[in-house]
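Quick notes on the structure that follows.
Whatever order the structure lists them in is the order used to number ligands and atoms, beginning at 1.
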Amino acid sequence: MRYLSTRGGMPPKTFTEILLGGLAPDGGLTIPEFYPVIHTAELETWRTLDYPSLAFEILSRFIDDIPANDLRALITRTYTAEVFGSNEITPVQTLAPNLHLLHLSNGPTLAFKDMAMQFLGNLFEYVLAQKNEELNILGATSGDTGSSAEYAMRGKRGIRVFMLSPHGKMSAFQTAQMFSLQDENIFNLAIEGVFDDCQDIVKAVSNDQAFKQKYRIGAVNSINWARIAAQIIYYFKAYFAVTRSSQETVSFSVPSGNFGNIFAGHVARMMGLPIKQLILATNENDVLDEFFRTGLYRPRTTAETKQTSSPSMDISKASNFERFIFDLTGRDAARVKELWQAVDQGGSFDLSQTDLWEKIQDFGIVSGTSNHAARIATIRDIYKQFNTLIDTHTADGLKVGRALHTADTPLICLETALPVKFADSIQEAVGFTPERPAGYNDLEKLPQRFERMPADTEQVKQFIANQIA
Ligand SMILES: *Cc1c(COP(=O)(O)O)cnc(C)c1O
């Protein structure tokens, strides 16, 4: 399997060649040169596989430059009951006939990002050792991504993590989750400012090519192809959990932000998994819903981006969306390049009057928007009807999913975080706060390790340089 750029300006590369880079050199996103198609007979042989075996079948189609035995070992080490709470790894809970909840949040940071990030940690460590290289991961976080990256990379050889967060602006739980890590390769930088200040510093450091090369600075953001690949697995797993034969179709509803999770569902569908609808749910930040309803893709400015009670979906532009448009154009890189010329200059594009808009229904994606009142009502309703607590993001998915899905098809709603992470909204919805899983009760009392500093790029660079020297 070789990888291309969505903008056509990269010679084909192998998986391990694209793994540690971010964007392709031409500014596009990396994408496999084709999607391996799994025919019905083969799909049926996967039905009874356990999670690691299924993961190997899927990932080995995308990763063919790591010896099979090594890849299998990395996968087996990642997807364990010890890390994900059960042998099923991603259990499916049936709420009602044709209504299911796919649990993706039983990893160490209680959000679905662990599903891919835990694999990435093991994969990075392996590939860096092979290449005899080191990597210093630099990132900015307002919550979920940062902690997921830290828990995936803690204690890994050849890797350090420098994670910037706005000092005093994260919840006590999120702060404690990150700052209680005592691993020597994890550095929490509490920046005196807001999240945008953190992100600006990361951008400034990444734009300094000399510094970036000298200190081997990298990222683990959501455009990393390995993260997408690892998220394909649970679409197959859930399909097998709710069907009896590969003649049946299912629909998924996906709380969406950067279009990473639902894009993995799209790939599963392109591989031949019988998915009828992929239902995309946004919160008040409805960039993606606007596109799928009208054909207009208009990224927002930071100032236009609203702070909501499903904060991990508060995005202004959807970083993985370019990959979908690449497929929509029939993999026409020149056309993608042209469309993103406007986007990269802060503009937009409108496909409604083009030939592409007619093709959109071939992809099964429908969309809708949720808001605070709807999400609180959904949490309350699901609790009353099914005695099950869901978090705010999952509630957006359920709200939109129940409204848009065709009744004769099983609907699988992706749970993307545990309710305990958003205790205030749960309190508002049902009048009590959720219980924490075992081991998380005294989290805020643990000693915390972090470095407080002003929002100053030079000081951050100096700090990084000092740790590496
Ligand atoms: C990241 C995240 C999302 C959005 O996923 P994308 O892949 O960015 O679309 C939804 N819910 C939670 C809890 C998240 O952490």
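Residues Glu322 and Thr6 have side chains that bring a donor and an acceptor to within less than 3.5 angstrom of each other. Side-chain atoms of Asn87 and Tyr79 include no donor-acceptor pair closer than 3.5 Å. Inspection of the Asp314 and Thr305 side chains reveals no N or O donor paired with an N or O acceptor under 3.5 Å.
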> So Thr141 and Ser165, side-chain hydrogen bond (donor to acceptor under 3.5 Å, both in side chains) or not? Walk me through it.
Replying inline: CA-CA 5 Å; Thr141 189; Ser165 59; over 6 Å; no
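What sits closest to atom 4 (C) of ligand 1 on the protein, heavy atoms only, is Gly257 N, 3.6 Å. Atom 7 (O) of ligand 1 has its closest protein heavy atom at Asn261 N, 2.9 Å.
Distances below 4.0 Å separate heavy atoms of Ser256 from the following atoms of ligand 1: 9 (O). Each of the atoms 4 (C), 10 (C) of ligand 1 lies under 4.0 Å from some heavy atom of Pro255. Less than 4.0 angstrom separates some heavy atom of Gly260 from each of these atoms of ligand 1: 6 (P), 7 (O), 9 (O). Every atom of ligand 1 is numbered from 1 in the order shown, and the set under 4.0 Å from a heavy atom of Ala417 is 13 (C).
When Lys113, His393, Met313 are ranked by how near their heavy atoms come to atom 2 (C) of ligand 1, first place goes to Lys113. The residue from Leu280, Leu418, Asn258, Leu104 that puts a heavy atom closest to atom 6 (P) of ligand 1 is Asn258.
Residue-to-ligand polar distances place Phe259 within reach of ligand 1: an N/O pair is separated by less than 3.5 Å.
Below 30°, between 30° and 60°, or above 60°: for Tyr297 and Phe349 the angle between ring planes is between 30° and 60°, a tilted geometry.
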